[in-house]
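For reference, the structure is listed below as structure tokens.
Counting begins at 1 with the first residue of the sequence. Computed from heavy atoms alone, side chains included, the values below leave out hydrogens, waters and symmetry copies.
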Amino acid sequence: MTQLKIAVAGASGRMGRMLIEAIAAAPDATLSGALDREGSPFIGSDAGAFSGQLTGVVIQSDLDKGLDGADYLIDFTRPEGTLRHLDVCAEKGIKVIIGTTGFDDAGKAAIRAAAEKTAVVFAPNMSIGVNVTLKLLEMAAKNFAEGYDIEIIEAHHRHKVDTIGFATVRGGDIVGDHTVLFAGTGERIEISHKSSSRVSYAQGSLRAARFLADKPTGYYDMQDVLGLN
């Protein structure tokens with residue numbers, strides 16, 4: 001079995017640690033590198049120390065060292081950091097899975113440009129369930145375009161750095177709840193997805209890496225990964 005050699009950016013963060021655990025549990029994946037910001041107290045420690053399962057991979061702030069031997073980088077950090085990582089990965093031919101949110105138009109254009117040099121999956125939400133839900137919503141919106149009011153409600157933990165508009169809730173440790181309400185005369189249709197753990201984002205990221213295995217370049221999203229486009 002060919003191993004997916006994956007580096008993780010933001011290795012000491014909540015999502016980074018979830019990714020490290022998911023990679024350790026996957027029979028076809030190997031953690032090849034772990035990156036964190038310069039000055040992090042976790043630099044120099046084993047990437048799996050938080051769970052008591054040592055990986056032999058040391059968390060690095062040096063991008064070249066952290067990417068050494070990697071075929072993929074999974075990045076759920078911040079736009080400025082992700083774009084810096086992406087530039088280096090594009091030059092090295094390392095494939096990139098981006099779950100970072102909050103990019104402006106210039107940032108999104110930079111991602112598309114990098115995809116001409118390496119393969120990229122970019123999705124604001126890596127959850128398989130969320131992306132299937134989005135497909136269901138596409139079907140619903142076509143049929144409820146007339147005679148129905150549409151409301152969108154989303155909720156995340158209080159520390160999430162971006163908001164998306166509509167009805168937005170930030171509170172507690174909510175991982176991610178999304179509901180779309182179609183309200184018509186005499187009926188109401190709700191399509192919801194609720195995340196109880198970030199593990200769904202980690203599993204979606206690994207599925208994205210597997211999807212990119214035979215793709216040298218190109219720009220993709222999770223709808224492509226799941227064959228829903």
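- Using modelled atom types, no side-chain atom of T217 and backbone atom of T118 make a donor-acceptor pair closer than 3.5 Å.
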Criterion side-chain contact (heavy atoms from CB on, under 4.5 Å) on I128 and R207, from CA distance to verdict: CA-CA 9 Å; I128 294 169; R207 189 152 171 178; 3.6 Å; yes
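- A donor-acceptor contact shorter than 3.5 Å links the side chain of S51 to the backbone of G48.
- Separation of atoms NE2 (H193) and NE2 (H178) is listed at 8.5 Å; rounding is to 0.5 Å.
- Counting heavy atoms from C-beta on, the side chains of I150 and L181 never come closer than 4.5 Å.
- A pairwise comparison of heavy atoms in L31 and V57 identifies O-CG2, 3.3 Å as the closest pair.
- Expressed to the nearest 0.5 Å, how far CD of E91 lies from CG of L86 amounts to 10.0 Å.
- By the rule that hydrophobic residues join a cluster once side-chain heavy atoms approach within less than 4.5 Å of another member, I94 and V120 end up as members of separate clusters.
- A cation-pi arrangement is absent between K142 and F144, since the terminal nitrogen or guanidinium carbon is not both under 6.0 Å from the aromatic centre and inside a 45° cone about the axis.
- Pairing each heavy atom of S192 with each of T179, the nearest pair is OG-OG1, 2.8 Å.
- Side chain of D224 to backbone of D221: a donor-acceptor contact under 3.5 angstrom is found.
- For K117 against A90, the heavy-atom pair with the smallest separation is CB-O, 3.7 Å.
- A continuous path of ILVMFWY side-chain contacts below 4.5 Å connects M18 to L4, so both sit in one hydrophobic cluster.
- Residues L67 and A7 approach most closely at CD2-CB, 4.1 Å, considering heavy atoms.
- To the nearest 0.5 Å, atoms NZ (K5) and OG1 (T30) are separated by 8.0 Å.
- Judged by distance alone, with hydrogens and angles left aside, the side-chain atoms of Q223 form a donor-acceptor pair with the main-chain N or O of N131 at under 3.5 Å.
- Cluster membership for I98 and L226, using ILVMFWY side-chain heavy atoms within less than 4.5 angstrom, is not shared.
- Here the side chains of H85 and V96 are not in contact, with every heavy-atom distance at 4.5 Å or above.
- When all heavy atoms are compared, the tightest approach of L63 to R84 is CD2-O, 4.1 Å.
- Taking the side chain as every heavy atom from C-beta outward, V121 and V225 approach each other to under 4.5 Å.
- Around the CD atom of E38, the shell of radius 6.0 Å holds no more than 12 heavy atoms that belong to other residues, nucleotides or ligands.
- A distance-only check finds no donor-acceptor pair linking the side chain of S195 to the backbone of S197 [under 3.5 Å].
- Listed for the T133 side chain is a donor-acceptor partner under 3.5 Å among the backbone atoms of G129.
- Residue K108 holds its NZ atom at 12.0 Å from CG of L83, rounded to the nearest 0.5 Å.
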Salt bridge (Lys or Arg N to Asp or Glu O under 4.0 Å) for E154 and R170? Distances and angles first, verdict last. CA-CA 9 Å; E154 63 94 29; R170 292 287 178 265; 3.1 Å; yes
For the pair Y201 and M15, evaluate side-chain contact (heavy atoms from CB on, under 4.5 Å) and give the outcome as yes or no after the intermediate values. CA-CA 8 Å; Y201 308 148; M15 193 62 223; 3.6 Å; yes
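- Under the 4.5 Å side-chain heavy-atom criterion for Ile, Leu, Val, Met, Phe, Trp and Tyr, I97 and V8 are members of the same hydrophobic cluster.
- Note: the hydrophobic cluster containing L134 also contains I189 (ILVMFWY, side chain heavy atoms under 4.5 Å, direct or indirect links).
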For S205 and L19, what are the C-alpha separation, side-chain angles and deciding distance, and is it a side-chain contact (heavy atoms from CB on, under 4.5 Å)? CA-CA 8 Å; S205 299; L19 286 162; 3.9 Å; yes
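- More than 12 heavy atoms of other residues, nucleotides or ligands lie within 6.0 Å of CD in E80, so this atom counts as buried by the packing criterion.
- A donor-acceptor pair is defined here as one N or O able to donate and one able to accept, closer than 3.5 Å; such a pair exists between the side chain of D46 and the backbone of G56.
- Here the straight-line distance linking atom OH of Y72 with atom CG of L206 works out to 11.0 Å at 0.5 Å rounding.
- Across all non-hydrogen atoms, the minimal contact from Y219 to I111 is CE1-CG2, 3.7 Å.
- Ring centroid separation for the pair Y220 and F122 does not come in under the 6.0 Å cut-off.
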Just do the side-chain contact (heavy atoms from CB on, under 4.5 Å) check on R37 and I43 with the steps written out, would you? CA-CA 8 Å; R37 67 188 186 283; I43 298 298; over 6 Å; no
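- Atom OG1 of T101 sits about 9.5 Å away from atom CZ of F76, to the nearest 0.5 Å.
- Contact annotation: the side chain of T100 approaches that of P79 to within less than 4.5 Å [non-hydrogen atoms, C-beta and beyond].
- Of the possible donor and acceptor atoms, one in the side chain of K95 sits under 3.5 Å from a partner among the backbone N and O of K215.
- One finds no salt bridge joining E21 and R198 here, because no Lys/Arg side-chain nitrogen approaches an Asp/Glu carboxylate oxygen to under 4.0 Å.
- Residue-environment remark: CG (N229) exceeds the threshold of 12 foreign heavy atoms within 6.0 Å.
- Remark: the backbone N or O of G10 is not paired with any side-chain donor or acceptor of T77 at under 3.5 angstrom.
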